[in-house]
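Data block below; observations after.
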Protein chains: 2
Amino acid sequence: MPNPEYQDIRKLDLFSQMADDNFTSLMRGAYVQNFPAQIELITEGEPSDFLHVVISGSVDLFSVWNGRDTSMATVRPISTFILAATIKDAPYLMSARTLEKSRIALIPSQDVRAIFDADNNFARAIVTELAQCYRSVIKAQKDLKLRTSLERVANYLLRQQRHAGGGPVFALDFEKRRLASVLGMTPENLSRAFKGLQPYGVKVTGTRVTIDNQADLENFAKPNPLIDSFKS
Amino acid sequence: MPNPEYQDIRKLDLFSQMADDNFTSLMRGAYVQNFPAQIELITEGEPSDFLHVVISGSVDLFSVWNGRDTSMATVRPISTFILAATIKDAPYLMSARTLEKSRIALIPSQDVRAIFDADNNFARAIVTELAQCYRSVIKAQKDLKLRTSLERVANYLLRQQRHAGGGPVFALDFEKRRLASVLGMTPENLSRAFKGLQPYGVKVTGTRVTIDNQADLENFAKPNPLIDSFKS
DNA sequence: AAGGCTGATTGATAAAAGTCAATCATTCAG
DNA sequence: CTGAATGATTGACTTTTATCAATCAGCCTT
């Protein structure tokens with residue numbers, strides 16, 4: 001296994017506990033490739049030929065229906081996507097495109113399913129990963145159904161703040177138009193939402209966010225670990 | 001294993017392939033109980049002590065935040081719920097309540113995790129189940145984010161029609177207020193949505209739905225297997 | 001058969017969110 | 001350094017959805 005990137009993949013929870021042999025044979029069939037920005041890697045509805053691992057860059061998972069489209073999630077290094085489709089040998093439910101120049105490992109789904117049958121540690125890791133994914137989507141669903149767009153924006157800011165270390169100044173990690181789509185609103189409304197949060201001590205200029213009055217914002221946003229926590 | 005209900009549970013995909021010994025030991029710790037309607041079985045945020053199996057009746061999975069609540073899904077016999085929380089040993093993300101008099105098997109989560117570690121067939125079945133659950137939520141998410149409420153109602157009717165056999169007359173399987181909540185709208189708007197679908201040949205009286213013009217409705221609803229199919 | 005309960009519907013209104021068009025800001029290629 | 005291109009913002013307006021209040025319908029109990 002000459003490729004040093006495989007060591008990074010090996011460290012992922014998904015692959016760290018499996019037998020050496022099995023990991024090696026998984027990687028033998030895999031290939032790593034560089035993609036420019038804005039390349040559509042997979043298209044929803046197509047058969048799931050590869051499990052993808054983002055090594056560097058970032059990938060947008062999105063979906064389209066009847067001329068509309070929406071961002072479902074962003075995948076950042078190092079993690080996988082399209083695991084559920086791979087396991088079920090079912091069509092992709094989402095499309096994926098690179099947001100920037102990205103390095104991506106492609107592991108044939110067939111191999112993943114074969115090793116999944118052979119390696120119990122791998123199978124267990126997949127369970128944990130899928131349970132995690134499931135719970136993340138449930139949280140997103142609750143966010144969408146229980147909160148207004150202003151509340152979603154407020155809670156997103158608090159999550160992002162925590163993610164960035166917890167200080168009062170931090171950066172948005174999305175393009176705003178895509179953030180709007182992820183949050184289920186239009187870019188115009190996101191702009192207005194940022195303004196609407198000014199009374200709670202929020203300032204957004206460009207990609208830089210300042211939270212002047214943490215208590216005020218939290219009192220409005222009412223963050224809840226059952227919706228907003230990253231783990232568990 | 002004296003209890004004949006265990007044979008029904010055994011037939012579930014989740015349990016059908018596991019070793020006899022392991023199934024028996026799972027069931028030894030389990031108990032089956034009757035609950036009246038409108039009983040809250042579990043509350044979000046609590047530790048996941050039991051995997052639940054609905055044997056008869058039906059269960060509403062719902063969630064609450066800041067005084068609002070929303071129905072996430074309905075569980076009907078025979079299937080399980082709260083699998084992801086059980087596996088991850090994490091708090092429930094949703095609450096559950098019986099919709100009617102229901103018979104429910106409770107399997108200690110600890111046992112499920114123990115057997116999961118010991119029985120590879122069981123672990124694999126869990127993977128399949130979780131992948132299925134994950135994909136269902138993704139579909140629901142797409143339904144919510146890509147469609148207006150009128151479109152959601154139209155597509156729900158088409159799904160329900162197919163589920164009921166495909167004929168032009170069928171019954172709603174929810175109370176309307178709960179259907180509204182599942183679809184992410186108010187009961188008032190659901191009423192109006194039914195009226196709004198009259199031009200497409202839809203008649204709803206009480207729980208009875210008639211679709212006079214299948215082609216018209218489908219042309220409006222634009223159902224898509226990547227959102228609306230039950231399987232895969 | 002008469003209330004009384006619950007859920008459904010309707011109408012009026014308000015709030016939230018989307019659309020369209022114009023303008024502003026920033027970035028980046030030449 | 002300039003200007004084209006892209007994304008962000010703003011304002012005016014429309015559409016969608018929610019809210020509130022009243023009424024209606026079905027069903028259950030007595």
Side-chain angles (χ1 to χ4, degrees), chain A residues 36-38 60 62 65-71 97 99-101 143-157 171-199 202-209 220-221, chain B residues 36-38 60 62 65-71 97 99-101 143-157 171-199 202-209 220-221:
Chain A
Q38 305 302 334
D60 182 36
F62 67 101
W65 178 80
N66 195 25
R68 289 163 231 167
D69 68 294
T70 188
S71 274
R97 76 186 140 215
L99 289 169
E100 53 192 308
K101 196 164 160 308
D143 193 43
L144 271 175
K145 289 185 79 177
L146 289 168
R147 288 171 171 165
T148 66
S149 62
L150 197 59
E151 290 164 343
R152 287 200 296 280
V153 172
N155 280 291
Y156 163 78
L157 290 177
L172 297 175
D173 62 349
F174 289 126
E175 206 179 6
K176 283 180 188 170
R177 56 156 57 198
R178 240 168 41 71
L179 174 58
S181 183
V182 168
L183 294 176
M185 57 201 293
T186 57
E188 291 96 329
N189 267 330
L190 179 60
S191 259
R192 292 174 189 127
F194 284 144
K195 285 205 156 175
L197 291 175
Q198 276 176 13
V202 173
K203 275 179 219 136
V204 180
T205 43
T207 182
R208 179 195 189 75
V209 181
F220 169 74
Chain B
Q38 304 302 333
D60 181 37
F62 66 101
W65 178 80
N66 196 25
R68 288 163 233 168
D69 69 292
T70 188
S71 275
R97 74 186 141 216
L99 288 169
E100 52 191 311
K101 195 165 162 307
D143 193 42
L144 270 175
K145 289 184 80 178
L146 290 168
R147 289 172 171 164
T148 65
S149 64
L150 197 60
E151 291 164 344
R152 287 201 296 280
V153 172
N155 280 291
Y156 163 78
L157 290 178
L172 298 174
D173 63 348
F174 289 126
E175 204 179 8
K176 284 180 187 170
R177 54 156 56 198
R178 240 168 40 72
L179 174 58
S181 183
V182 168
L183 294 176
M185 58 201 294
T186 57
E188 292 94 328
N189 268 329
L190 179 60
S191 259
R192 291 174 190 126
F194 284 143
K195 285 205 158 176
L197 291 174
Q198 276 176 11
V202 173
K203 275 178 219 137
V204 181
T205 43
T207 182
R208 177 194 190 79
V209 182
F220 169 75

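Given the structure is predicted, the values throughout are model-derived calculations rather than measurements. In what follows, every heavy atom counts, from backbone to side chain, and hydrogens, waters and symmetry copies are set aside. Residue numbering restarts at 1 for every chain, and letters A, B, ... go by the order of the sequence lines.
- Contact check, Thr186(B) against dA18(D): a side-chain N or O comes under 4.0 Å of OP1 or OP2.
- One N or O on the side chain of Arg152(B) and one on the backbone of Arg147(B) form a donor-acceptor pair closer than 3.5 Å.
- For Lys176(A) and dT9(D), the NZ to C1' distance is 9 Å, given to the nearest whole Å.
- Protein atom CD of Glu188(B) is 17 Å distant from nucleotide atom P of dC24(D), rounded to whole Å.
- For Leu99(B) and dG7(C), the CG to P distance is 12 Å, given to the nearest whole Å.
- Put simply, CH2 on Trp65(B) and NZ on Lys145(A) are 15.5 Å apart, with the number rounded to the nearest 0.5 Å.
- When rounded to the nearest whole Å, the span between CZ of Arg208(B) and P of dA8(C) equals 18 Å.
- Side-chain N/O atoms of Asn189(A) include none lying less than 4.0 angstrom from OP1 or OP2 on dA17(C).
- At whole-Å resolution of the value, CG in Leu190(A) and C1' in dA8(D) are 10 Å apart.
- Note: CG (Leu150(A)) to P (dA18(D)) measures 17 Å, nearest angstrom.
- Residue contacts shown for Glu175(A) are limited to sugar-phosphate atoms, with no base heavy atom under 4.0 Å away.
- Taking atom CG of residue Leu144(B) and atom P of nucleotide dA17(C), one finds them 14 Å apart after rounding to whole Å.
- Nucleotide dA8(C) holds its P atom 11 Å from the CZ atom of Arg178(B), rounded to whole Å.
- The main-chain N or O of Phe194(B) is never found under 3.5 Å from a side-chain atom of Lys203(B) such that the two would form a donor-acceptor pair.
- Asp60(A) places no side-chain N or O within 3.5 Å of a backbone atom of Arg97(A) that could act as its donor or acceptor partner.
- Within 3.5 Å, a donor on the side chain of Arg192(B) pairs with an acceptor on the base of dG11(C), or the reverse.
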